[in-house]
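Since the structure comes first, as structure tokens, the remarks are kept for the end.
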Protein chains: 2
Amino acid sequence: MARAQTLSRNQQIVLDIIQKAKGPLKAYSILFNVQKKGIKAPQQIYRALDKLIGMGKIHKIESKNAFVACRSSDCEISKATAFSICESCEMVDEISDTKLSKYLSGFNHKKGMKFKRFNLEFFGICKKCKKD
Amino acid sequence: MARAQTLSRNQQIVLDIIQKAKGPLKAYSILFNVQKKGIKAPQQIYRALDKLIGMGKIHKIESKNAFVACRSSDCEISKATAFSICESCEMVDEISDTKLSKYLSGFNHKKGMKFKRFNLEFFGICKKCKKD
DNA sequence: TCAAATATGTTATATTATAACAAACGTTAT
DNA sequence: ATAACGTTTGTTATAATATAACATATTTGA
Ligand SMILES: [Zn+2]
Ligand SMILES: [Zn+2]
Ligand SMILES: [Zn+2]
Ligand SMILES: [Zn+2]
């Protein structure tokens, strides 16, 4: 069983650029940024992204088709993710709120479905954008 | 001010097919299904989808890039949406739980951002799929 | 050291979504 | 009525996002 504790070359390159970024990055923007490092095809990016998501190192912001580094130590397996998203500047902030997370993790569907995972996205205008 | 109480031709066609569907529909699958009615181009579908979303008649399931009819009378403006999604059969069910909705609508970000809207997606295996 | 699993490189293609422009239609005010 | 306005439609082209398929290389571990 390959419990990938260590990242492969491409995975590390992709993770680095996502972690350094100020905001969410799109797959093709990552691709353009790493072409100098020898990565040439979308597949290579998407494969790294998939693995990194699986490890909980990054998250996908579904409403934006973009990727952010995980800033919380809680969600190593990305089972319970929540984000705040500014509709003006595109800023994304990972929410780690224990109460919220517990509340949602304990939430059960009336129709008897047991949830394994959730993703929550809040939208609004961030403080910085409100000033303008 | 055009308060579209009434749907346009294409909007009605697209809404009809989404409402009749058993599960979420993708834009291009809608397109193929309405070509007999004279709709020929993706633009026509996406324009109708945008308007219908704006009216709260349908919702986009972000993690699937697919669209479902609104089954709840609560979310006329799609400000507070929650879904349960089966990872096996792709079934999507809109959750309308007043307590959940109130809890999330009242949730405020620590960093002072005021939320206008949220979307929540739960994932698991539905009852029907569990039996297999 | 050999087999299995994982990662890579590469080309091609599928899927999802928007841009741009022209024409038709439906209101409403004059 | 008719001009003016906003909205909807039709249409062609293209952009952006994501996966298929296959060959090779590298790592892991029995
Ligand atoms: Zn996280
Ligand atoms: Zn902002
Ligand atoms: Zn709804
Ligand atoms: Zn199911």
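Reckoned from all heavy atoms, side chains included, excluding hydrogens, waters and symmetry mates. Here the structure is a predicted model, which is why all the values come from computation and not from measurement. Below, chains carry the letters A, B, ... as their sequence lines are ordered, and counting in each starts from 1.
- The CD-C1' distance, from A:Gln11 to C:dT8, rounds to 11 Å in whole Å.
- Between B:Gln44 and D:dG10 there is a side-chain N or O to OP1 or OP2 distance below 4.0 Å.
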Protein-nucleotides 12-18 of chain C N/O pairs under 3.5 Å:
residue : atom : partner : partner atom : Å
C:dT16  : OP1  : B:Lys26 : NZ           : 2.5
C:dA17  : OP1  : B:Lys60 : NZ           : 2.8
C:dA17  : OP1  : B:Asn65 : OD1          : 3.4
C:dA17  : OP2  : B:Tyr46 : OH           : 3.0
C:dA17  : N7   : B:Tyr28 : OH           : 2.8
C:dA17  : N6   : B:Tyr28 : OH           : 3.1

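- Taking atom CD on A:Gln35 and atom C1' on C:dT8, their separation rounds to 16 Å, with Å as the unit.
- Rounded to whole Å, the distance from CD1 on A:Ile45 to C1' on C:dT10 is 14 Å.
- When every heavy atom of A:Ala69 is checked against every heavy atom of A:Ile18, the shortest pair comes out as N-CG2, 3.3 Å.
- Heavy atoms of other residues, nucleotides or ligands lying less than 6.0 angstrom from NZ of A:Lys130 number more than 12.
- A search for side-chain contact (heavy atoms from CB on, under 4.5 Å) contacts involving A:Ser101 returns A:Ala80, A:Ser105, not counting sequence neighbours.
- Distance CG/A:Asp97 to CG/A:Leu120: 10.5 Å, rounded to 0.5 Å.
- Rounded to whole angstrom, the span from the CG atom of B:Asn10 across to the P atom of C:dC25 amounts to 13 Å.
- Residue A:His109 comes nearest to B:Ser84 through the heavy atom pair CD2-OG, 3.5 Å, listed as atom of the first residue, atom of the second, then distance.
- In this structure, CD1 on B:Ile61 lies 7.0 Å from CG on B:Asn119, to the nearest 0.5 angstrom.
- Taken to the nearest 0.5 Å, the CE atom of A:Met113 stands 6.5 Å off from the SG atom of B:Cys126.
- Atom CG of B:Leu31 is separated from atom P of D:dT12 by 14 Å (rounded to the nearest Å).
- Taking atom NZ of A:Lys37 as the reference point, atom P of C:dT8 lies 14 Å away to the nearest angstrom.
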Under 3.5 Å between N/O atoms: give me all the protein pairs with nucleotides 22-27 of chain D, atom names plus distance.
none

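- Side-chain nitrogen and oxygen atoms of B:Lys40 include none within less than 4.0 Å of the OP1 or OP2 phosphate oxygen of D:dG10.
- Between C:dT8 and A:Ser8, a contact under 4.0 Å exists linking OP1 or OP2 to a side-chain N or O.
- In this structure, B:Lys116 pairs ionically with A:Glu87, as a charged nitrogen and a carboxylate oxygen lie closer than 4.0 Å.
- Minimum interatomic distance between A:Glu121 and A:Glu62 (heavy atoms only, all atoms of both residues): OE2-N, 2.9 Å.
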